[in-house]
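Working notes for the structure below.
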Amino acid sequence: MTEQAISKVTMDKLVSLCKRRGYIFPSSEIYGGLGACYDYGPLGVELKNNVKACWWKSVVQERDDMVGLDASILMHPQTWVASGHVDGFADPLVDCKQCRRRWRADDVGKPLGAVQVYDQVDASEARADLLPAAGQIVIRNIKIDGSNGAPQLESAGLVAGGIWLDRPLPKSEVQLIGDDFLLSPGNILYPNLRSYTIGFPLPSGAALGAQLKLVFRNPSGLLERVDFTVQFSGGVTKYEGGPYCPDCCGDLTEPRMFNLMFKTYVGAVEDEAEVVYLRPETAQGIFVNFENVLASTRRKLPFGIAQIGKAFRNEITTGNFIFRTREFEQMEIEYFVKPGSDDEWFQRWVDERLNWYVNLGIRRENLRLHQHAKDKLAHYAKDCTDIEYLLPMGWSELEGIANRTDFDLRQHARHSGKDLSYYDEDTKEHITPYVIEPSAGVDRSVLAFLVDAYDEEPDKDEVRVVLRLHPALAPIKVAVLPLSKNEKLLPLSQEVYNDLRRCWMVQYDNAQSIGRRYRRQDEIGTPFCVTIDFDSLEDNAVTIRERDSMKQIRVPIEALKPTLDAKMCGEPF
RNA sequence: GCGGGAGUAGCUCAGUGGAAGAGCCCCUGCCUUCCAAGCAGGUUGUCGCGGGUUCGAGUCCCGUCUCCCGCUCCA
């Protein structure tokens, strides 16, 4: 069922439906659009508001330990210095000239340093005990520039070369895997005070002055490359610099800076005005208000602050409809806990948040948790688990739950000079709380709810398209449909419509055939249709038709509201 | 930014240098009866933009803009 359902929905179909029915439009479309910006149409804004309302209800209204906040988008510029965004949120990027892949300059490693080539190695210096263990360095290749080195490499001579790494690597993590000419168990690893020399036989054809490339995997699993010139006198060779493409070891372009924070100016005269940023995350608005909330609401640990709001990131690469946009909306919680209880609360929030999606109708098998490897964590995080959804283009992150430790509060205390500690009355001491941050994307959630709800089923020669949205999320809860446009049905239909619309978003539609109107409501996800027919004029009863099963029940008009209410709260149809 | 794809009706798309089209959608009318029904009508186009070639360009050439997908990161 799942595989089938997923295979039915494609981004193209969904994008088309969204535009056709008024969920989501490309931004500024009459001017040709603006990349990666979208506008929520009449139905989209309802869905999005419902998603936010369900979240707010779940994490604020129904909890004792949470309060809300709505901080401004523009904040004091120092905020972003303290948070690390000014320094750390500008990505220098490089492109590989060979394979065209793009990398963060940080990720491609730093130059290895000098290379020495020896003309002779005394076998007694071999330190086989240092060759070892877990696989981190892999020497994969050595080439002679300007030729396809292979023929010359077949008869490796007795001469040995060495690579001198400026960055020493732990011995226990060093492994030389020599499945080609380069390495054999006899290869030599010289430990040095601050570096290693890895010995290897030079190809016999490598003449004095030959240009060599050494390519190997570094501890992160990325390729690194050293270019050097053979000098049999034992001297230090020329070092070509780097780094190189971690994927193919091709040459990279110069790093280019991309600032991921949108800048703007406070003050009407631009060149005298102060630079401020559009916030790249809502979280900092919570941290800077920690003391205000604490003082005004008399909270005790553990407690949390929830916020929904726009955030802006000048992404280099956007795309995938509303999944990755430069302007987006977040639903964030900063949940403050006593240090030591952070691991437990972290897990509780992961469970809590996962259940939220499931309770709103997303199939569990289309969700998964992804725990970040410790060495991939952001600088502020001790732990991080993503909630991922199986979108048509693959598993994609909807929400990240991070253990941010006390990093943010300490940073803001330091930069602002204010005391952001919490007085623990149990232990009579001041502590800086740890914080668990469940941070969800509104737009991504909307997309996931739409994708998961989208269904097609055969209907004679046609296909019935249904958005099986949870009633709490559906933009229109009820459609009121007179069976025909006959005037006699009008007064009662209007009466029912006007009564219901005081409770829910209701649509009135008398155009075209009843079947067509049902299908239209199915396609926009309306869970219930109420039909007024000629019998209604006599018996004061109407028909409720349910979206998913297309089943119908007849109820007295006076029982209509409570019946619909019960059905929307999950009573079986 | 690099690579690929695409711009023709609200949507999906066809269109061979010679009158801008189809299906769906939408709207109006008829119908006393329940799942995109039928019948009769109807609206909707700077063919992305600007040049050029040509008697004639949606079609060929050049330029340009925009959007989509992938590559990095993240909500």
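Below, all heavy atoms of this structure are taken into account, side chains as well, without hydrogens, waters or symmetry copies. Each chain gets a letter, A, B and so on, in the order its sequence line appears, and its residues count up from 1.
- The separation of B:rC2 from B:rA20, taken at their P atoms, amounts to 39 Å, rounded to a whole angstrom.
- If you measure from atom CE of A:Met393 to atom P of B:rG5, you get 22 Å, rounded to the nearest angstrom.
- Of the N and O atoms on the side chains of A:Glu46 and A:Asn50, not one donor lies less than 3.5 Å from an acceptor on the other residue.
- Using the Watson-Crick or G-U wobble rule with both distances under 3.5 Å, B:rC71 pairs with B:rG1.
- Rounded to an integer number of Å, the gap from NZ of A:Lys19 to P of B:rC11 is 4 Å.
- Applying the side chain to side chain contact (heavy atoms under 4.5 Å, CB included) rule to A:Glu495 yields the partners A:Leu492; only residues at least two apart in sequence or on another chain are considered.
- Side chains of A:Gln371 and A:Thr385: no donor on one and acceptor on the other come within 3.5 Å.
- Where A:Tyr38 and A:Asp443 meet RNA chain B, the nucleotide closest to each residue was compared, and A:Tyr38 sits on the side nearer the 5' end.
- Across all strands, A:Asp535 comes closer than 4.0 Å to base atoms (heavy-atom distances).
- Heavy-atom distances to RNA chain B give each of A:Arg554 and A:Ser16 a nearest nucleotide, and the one nearer the 5′ end belongs to A:Ser16.
- Under the Watson-Crick or G-U wobble criterion, with both distances below 3.5 Å, B:rA40 is paired with B:rU28.
- Within the 4.0 angstrom heavy-atom criterion, base atoms lie near A:Thr543.
- Counted by atom type alone, A:Glu399 and A:Tyr357 present one or more donor-acceptor pairs between their side chains at under 3.5 Å.
- When ring centroids are compared, A:Tyr277 and A:Phe262 stay outside the 6.0 Å threshold.
- Side-chain atoms of A:Arg545 and A:Gln521 include no donor-acceptor pair closer than 3.5 Å.
- The CD1-C1' distance, from A:Ile308 to B:rA75, rounds to 13 Å in whole Å.
- Between B:rA14 and B:rU8, the distance separating the two P atoms is 11 Å to the nearest Å.
- Of the P atoms belonging to B:rU44 and B:rC62, the separation is 36 Å, rounded to the nearest Å.
- If you check every strand for non-hydrogen atoms under 4.0 Å, A:Ser439 touches sugar and phosphate atoms only.
- A donor atom on one side chain and an acceptor atom on the other are found under 3.5 Å apart for A:His412 and A:Gln284.
- Heavy atoms only, all atoms of each residue included: A:Val350 and A:Leu369 are closest at CG1-CD1, 3.7 Å.
- For the pair A:Glu546 CD and B:rC34 C1', the interatomic distance rounds to 16 Å; values are reported in whole Å.
- Residue A:Phe323 is classed as a base contact, given a heavy-atom separation below 4.0 Å to a base.
- Of the N and O atoms on the side chains of A:Gln552 and A:Thr543, not one donor lies less than 3.5 Å from an acceptor on the other residue.
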Atom pairs, N/O to N/O, protein against nucleotides 36-41 of chain B, distance under 3.5 Å?
from: B:rA37; atom 1: OP1; to: A:Arg516; atom 2: NH2; distance (Å): 2.7
from: B:rA37; atom 1: OP2; to: A:Ser513; atom 2: OG; distance (Å): 3.0
from: B:rA37; atom 1: OP2; to: A:Arg516; atom 2: NE; distance (Å): 3.2
from: B:rA37; atom 1: OP2; to: A:Arg516; atom 2: NH2; distance (Å): 3.2

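- Atom NE2 of A:His372 sits about 9.5 Å away from atom CD1 of A:Ile401, to the nearest 0.5 Å.
- Across all strands shown, A:Gln552 has heavy atoms under 4.0 Å from base atoms, whether or not it also approaches the sugar-phosphate.
- Atom CD of A:Glu457 and atom C1' of B:rC35 are 11 Å apart (whole Å).
- Atom name C1', nucleotides B:rG5 and B:rG48: the rounded distance is 16 Å, in whole Å.
- One C1' atom belongs to B:rC67, the other to B:rC49, and the distance between them is 14 Å to the nearest Å.
- To the nearest angstrom, P of B:rC35 lies 10 Å from CZ of A:Arg545.
- Residue A:Leu481 is classed as having no contact, given no heavy-atom separation below 4.0 Å to the nucleic acid.
- Atom name P, nucleotides B:rG21 and B:rG42: the rounded distance is 15 Å, in whole Å.
- Note: CG (A:Asn314) to C1' (B:rG1) measures 13 Å, nearest angstrom.
- A donor-acceptor pair shorter than 3.5 Å can be found between the side chains of A:Tyr40 and A:Asp443.
- In this structure B:rC13 sits in a base pair with B:rG21, meeting the Watson-Crick or G-U test at under 3.5 Å.
- Checking B:rA6 for Watson-Crick or G-U wobble geometry (two distances, each under 3.5 Å) identifies B:rU66 as its partner.
- Between the side chain of A:Asp533 and the base of B:rC34, at least one donor-acceptor pair of N or O atoms lies under 3.5 Å.
- Note: A:Tyr335 and A:Trp345 have tilted aromatic rings, judged against thresholds of 30 and 60 degrees for the angle between ring planes.
- B:rU12 and B:rC30 have their P atoms separated by 33 Å, given to the nearest Å.
- At whole-Å resolution of the value, OH in A:Tyr23 and P in B:rC11 are 18 Å apart.
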Can you give me the N/O atom pairs linking the protein to nucleotides 28-32 of chain B at distances under 3.5 Å, or say none if there are none?
from: B:rG29; atom 1: OP2; to: A:Lys485; atom 2: NZ; distance (Å): 3.3
from: B:rU32; atom 1: O4; to: A:Lys488; atom 2: NZ; distance (Å): 2.6

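- With P as the reference atom, B:rU64 and B:rC11 are 28 Å apart, rounded to whole Å.
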